[in-house]
Amino acid sequence: MADELPPFDKISIPGPVLAAILHSCSSSSGDSDGLLFGRAVPLPPHEPVDDVTPAPSPFPTLAAIITSHLPSASPTSFFDPLGHVDPNSPFLCCSSPSPGSHLIGWFSARRRSPLRPSMRERAVSLSMFKTVIQDSTDLHPRPSVFLLLSSSASANQALHAHVEYWQAFVIRPGGALEPRSVSIINVGPAFRGQYGAYIPESPLPWIPWELKRGDDEEGERWSLNGLRQVVHEQQLLDASTEGFEIERLGMLVGHRAAECTSEVENLYKKMLVKLKGLAWQVEESNARVLEQENCNLELRKKLAGLE
Amino acid sequence: MPSRPTAQPDLIWSDSTEPDQVAPTNRASKIVAHSGTSVEVSPGIIELLLSPSMAADTLPPLIAAQLNHLLSNSPLPIKVDQIRSGCKSAQYPDRFTLLIPFCLDFIKWDFIFNALYPSVAPDVVFSPEDADFCPLDVEGGYASTVVKNSLVDWNSKDSTRLLALVHGLRDSYLNYQKKRIGELDDARLKFEINTVFSREGIEVCMVPGPDRPEEVKFAVPLLDTDLNKLVLGCPWKTEQKIYLQVVFPVIRTYSSTQTAPRLKLVSSSDLKSLLSIEDVKLPPWLDGMCMAEYLPTLEDNLNLQVVESVASIGARRRFIEALAPHFGRPLEADPVFCRKATVAAVSGTFNFLVSFSFSTQFPRQQPTLTLQSCQHFTSQGAPLASSPINDYPWSPRWDASQMAERIFDFLVDECLNFKKHCQDTQQG
């Protein structure tokens, strides 16, 4: 049945999601790829025309909305050199999408190369379409979107003219990749409907828990360590909610609420201080992540025999 | 849609009558990679690599070894174009375009390595007009086991892998083109493919073009003889071949009068010094003919021409040797094809050089003479030379010594005219 499904007619992507994809591709040290999540939405039926009307399709015309992406840590992590997707690869299995979205396709970013699907990208798209069948009640349960990103092949590097290009494709059951234009969902009157329907999501990054479990399964210390970890995390959570106890918040509701203006202002000030602290922590951890990434890159260069 | 790359001035298959080209090996330059291996690239790439921002860049050693092995061991004259980097800092070049000879033209394929992950097998982006060419798709019917094997256990340290991959992909591409043409609803083309495809080395492709009618091009290698062995002391590095290019229009509807295909002889460029392929007259293509009927006549005809051209080398050599009694030993002469010779001559106190330039049709066509003074110079310091002379008495029936003698007699008078011309020019 899925083989007869018509490919998506339209692909939409919210501006922040596209920006996040572009950022992760342009900040990656080399070529990168990863998964795209989203959902299918039915499009309103076509306007009837007076010309020869083709037989109406039993399936509704569909649009794909890409809602998030997940870059892989290293290239070709979920397919082999021939482009065969391994449906049991940890990356594919463990990437839990947020509710309401599922695996809708994948993306590949390669700098200074033609904006046409490569030999392997075509094979991966087809293999993913054929092998990844999701237990989903969605309108289009097979991943069939491929987003290709490249940058200008300008020889004049001195100008630092770095232009990103992207092109989306949908896979036909026969294996052909058809280009599709991408509409970027943005704020504004033209997008009022879509914007209203947009569900903000911020999925937590995927952490390869399997590897960790494998190391700790043997000893009893795992449970003790785990408990310590839980306690530690609980303490952190408690610290961040300090001063916002439920009883205090409860006072703001009800008939005495009007008398508590100063209390609200007090809470608001405290919240600002907490936010500032949080922002500082994010900045600090980002700097450490960047430092680690640079360190990894140096090691990778050594491994690749570049230095 | 962008069109297939058209013939460029330095293409091997170019058969236009250009001035003698410098051999491609001389034009290529070497870039030394990290490990000390070197890669031959065309001059355009040097400029690219040596541009200020890329000056520090060299190919990573493992990729350089693959490319170097491909260029030096492939029987095809493959060229490299546009070496570039996929790294954020553009520091390590790891992708390039290869120009691969196919069906008397070049196909442009982009090979994408990953400098940071050398163990990952390279990927290929094909030409825009071959969007449906997918050699990894088993259902396509042209998947190649060579391609699969070289990708599955890709070993970046084995420098022969890229060569195997490129040749596997090219074979696969030929099968893809053959399949496309077989699927066309054209009875004549189906017949031609079935009858001539058993010939070794034959290639075929669809000629794309949105603004032109569809056409199918055949490249048929002619003559089984090894042309390299015909010439004594042959300097050619690659095997020289003569091809017949046959372009059929695609006709889907039946018609009683079939359009004749466009025919053209094409030779590898080095062969020009032996035989001028433009001078070979093609036998007429009769109505209702097919390639299997046409080719034997053409090959017989061509065989005669080749034998004649080889004989012409002997005639030219004898003529150059016959110059010695009159002019003294030549200052310089082309020892293999005997297409050029220069002698020194004196008339009174006037010293000058005589250059002989021979066509492949010698002795039917007389050599072209150019006189060059040793005593008169232009204001830029270049020696004064005459315009090419080929209106002197000549008969192909004379023997070599008589030819040399007659030219000597002619030059006795002609050099006085040339001397006067030199003096006038210098004073003017």
Side-chain angles (χ1 to χ4, degrees), chain A residues 25-33 74-77 80-84 108-127 148 150-160 162 169 172 174-179 296-297 299-307, chain B residues 34-35 44 47-49 51-54 57 60-62 82 84-95 97 108-128 130-137 139-140 143 147-148 150-154 156-157 169:
Chain A
C25 294
S26 63
S27 61
S28 139
S29 54
D31 295 344
S32 57
D33 52 36
S74 60
T76 67
S77 57
D80 69 5
L82 295 179
H84 295 156
S108 168
R110 40 178 168 81
R111 293 190 183 88
R112 297 172 201 97
S113 59
L115 200 63
R116 297 190 294 276
S118 71
M119 173 174 76
R120 197 182 296 138
E121 284 157 0
R122 291 166 59 90
V124 171
S125 303
L126 185 63
S127 171
L148 175 60
S150 185
S151 66
S152 62
S154 162
N156 193 352
Q157 301 290 326
L159 283 175
H160 290 289
H162 195 75
F169 300 86
R172 281 212 164 258
L177 279 170
E178 278 181 12
N296 290 352
L297 184 62
L299 289 173
R300 177 131 293 289
K301 280 184 195 167
K302 269 189 192 154
L303 204 64
L306 295 174
E307 279 175 7
Chain B
H34 281 275
S35 61
E47 284 164 27
L48 185 72
L49 280 177
S51 68
S53 59
M54 300 270 284
D57 298 337
L62 292 173
Q82 294 178 20
R84 46 206 193 269
S85 166
C87 298
K88 192 181 174 188
S89 54
Q91 201 178 359
Y92 305 107
D94 58 357
R95 52 207 60 197
T97 310
K108 262 185 166 177
W109 288 348
D110 288 276
F111 282 75
I112 297 165
F113 284 80
N114 193 330
L116 295 173
Y117 293 85
S119 59
V120 173
D123 200 1
V124 193
V125 183
F126 302 112
S127 320
D130 301 318
D132 52 345
F133 173 52
C134 191
L136 296 182
D137 184 7
E139 288 165 22
V147 173
K148 288 196 169 168
S150 57
L151 285 176
V152 166
D153 50 323
W154 179 262
S156 55
K157 294 197 171 101
L169 283 173

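Just the heavy atoms: all of them, side chains too, but no hydrogens, waters or symmetry mates, feed the values below. Numbered from 1 within each chain, the chains take letters A, B, ... in sequence-line order.
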Problem - Salt bridge present between A/R110 and B/D110 (N-O < 4.0 angstrom) - result: no

Practice task
Tell me, for A/T76 versus chain B, whether the close heavy atoms (under 4.5 Å) come from the side chain, the backbone, both or neither.
Solution key: side chain

Completion exercise
Checked A/A176, A/G83, A/S27 vs chain B; the most non-hydrogen pairs under 4.5 Å come from A/S27

Fill in the blank from the handout: In terms of heavy-atom contacts, A/K301 and B/Y92 come closest through CD-OH, 3.5 Å

Fill in the blank from the handout: Honestly, the part of B/V124 sitting under 4.5 Å from a heavy atom of chain A is both

Handout entry: For the student: nearest non-hydrogen atoms of B/A121 and A/P81, plus distance
Key = CB-CB, 4.1 Å

Practice task
Have a look at A/M119 and tell me which of B/P122, B/C134, B/P135 forms a side chain to side chain contact (heavy atoms under 4.5 Å, CB included) with it.
Solution key: B/P135

Exercise for the section: Below 4.5 Å from any heavy atom of chain A, which atoms of B/S150 appear? Answer side chain, backbone, both or neither. Expected result: neither

Practice task
State whether the side chain of A/R122 and the backbone N or O of B/L136 hold a donor-acceptor pair below 3.5 Å, judged by distance alone.
Solution key: no

Problem - Atom pair CZ/OG of A/R112 and B/S85 - distance to nearest 0.5 Å - result: 5.5 Å

Fill in the blank from the handout: Nearest heavy-atom approach of B/N114 to A/P75 is ND2-CG, 3.6 Å

Problem - Shortest non-hydrogen contact between B/P118 and A/A304, atoms and distance - result: CD-CB, 3.5 Å

Problem - Nearest heavy-atom neighbours spanning A/R120 and B/D123 - result: N-OD1, 3.0 Å

Handout entry: Part of A/L297 lying under 4.5 Å from any heavy atom of chain B
Key = side chain

Practice task
Check each atom of B/F113 against the heavy atoms of chain A and say whether the ones under 4.5 Å are side chain, backbone, both or neither.
Solution key: backbone

Exercise for the section: Kindly compute the distance separating OG (A/S151) from CZ (B/R84), expressed to the nearest 0.5 Å. Expected result: 10.0 Å

Handout entry: Interface moiety of A/S74 toward chain B, non-hydrogen atoms closer than 4.5 Å
Key = both

Practice task
Heavy-atom distances under 4.5 Å only: say whether A/D80 touches chain B with side chain, backbone, both or neither.
Solution key: neither

Completion exercise
Note: vs chain B, highest number of non-hydrogen pairs under 4.5 angstrom among A/A123, A/S29, A/P117 is A/S29

Exercise for the section: Calculate, to the nearest 0.5 Å, the distance between atoms CZ and CG belonging to A/R300 and B/L116 respectively. Expected result: 7.0 Å

